[in-house]
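Residue numbers start at 1 and run along the sequence shown.
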Amino acid sequence: TLPCPPGARPCSPKYFGRDAMVCVCNATYCDTLDPLVLPAPSSYVKYESSKAGKRLERSEGRFRRRLCAPDVVLTLDTTQRFQRVKGFGGSITDAAAINILSLPERAQDHLLRSYFSEEGLEYNLIRLPMASCDFSLHAYTYDDVPYDYELTHFSLRDEDTKLKA
């Protein structure tokens, strides 16, 4: 594994004409974020990306009471709770796994760090499809035998043991 960078590393842009741009993440370089520190009460941290070139640009601010803005009205009631957030993450489909595994080992490490590590997005949840999905190379299930309630014909596919293990 690679050592953790001491601080944020900026986006290394690659342009695809007009206003299409991505941040390069490969075997030698990947942009990172400073570790997230929760803001003080009544404050917020904002990360912004834009067509103008911002890539997860960090800024801080404070909530103000009764500020009138003609185009934005945001009412925040901190005493009202609606849900509990368990975490954030993404999905590892067969296609995602195939693409990740096609990268050189150092690029895989950079990519996975950008999702799961403290200097990345800090994902803590992953969704894995059960059997095939829209992003699989072919359709498959674990047990195609009708009425097999005992699951005697159940078996994992190569995609599950080679791509998602």
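No path of Ile, Leu, Val, Met, Phe, Trp and Tyr side chains, each step under 4.5 Å between heavy atoms, connects Phe116 with Leu101, placing them in separate hydrophobic clusters. Both Ile126 and Leu112 are members of a single hydrophobic cluster when ILVMFWY side chains are connected at heavy-atom separations under 4.5 Å. No chain of hydrophobic side-chain contacts below 4.5 Å, direct or via other Ile, Leu, Val, Met, Phe, Trp or Tyr residues, connects Leu128 to Leu156.
With Ser136 contributing its side chain and Ala139 its backbone, the two residues share no donor-acceptor pair below 3.5 Å. At least one donor-acceptor pair closer than 3.5 Å links the side chain of Tyr142 to the backbone N or O of Ala131. Between the side chain of Ser114 and the main chain of Gly120, no donor-acceptor pair closer than 3.5 Å is present.
Judged as a side-chain hydrogen bond (donor to acceptor under 3.5 Å, both in side chains), the pairs with a partner in residues 121-133 (not counting sequence neighbours) are, in order, Ser91-Arg127. Counting only residues at least two apart or in different chains, side-chain hydrogen bond (donor to acceptor under 3.5 Å, both in side chains) contacts with residues 149-158 comprise Asp148-Thr152.
In terms of the side chain to side chain donor-acceptor pair (under 3.5 Å) criterion, Arg84 has no residue partners (sequence neighbours excluded). With sequence neighbours left out, the salt bridge (charged side-chain N to carboxylate O under 4.0 Å, His left out) criterion links Lys46 to Glu48. A search for side chain to side chain donor-acceptor pair (under 3.5 Å) contacts involving Tyr140 returns Asp94, Lys164, not counting sequence neighbours. Judged as a disulfide bond (SG atoms under 2.5 Å apart), and not counting sequence neighbours, the contacts of Cys23 are Cys11.
Arg9 is not listed as a side-chain neighbour of Glu119, based on a closest heavy-atom distance of 4.5 Å or more. Contact annotation: the side chain of Val22 approaches that of Phe16 to within less than 4.5 Å [non-hydrogen atoms, C-beta and beyond].
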Test Phe88 against Leu121 for side-chain contact (heavy atoms from CB on, under 4.5 Å), laying out the working first.
CA-CA 9 Å; Phe88 294 92; Leu121 298 172; over 6 Å; no

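Side chain to side chain, Arg62 and Ser43 meet the donor-acceptor criterion of an N or O pair below 3.5 Å.
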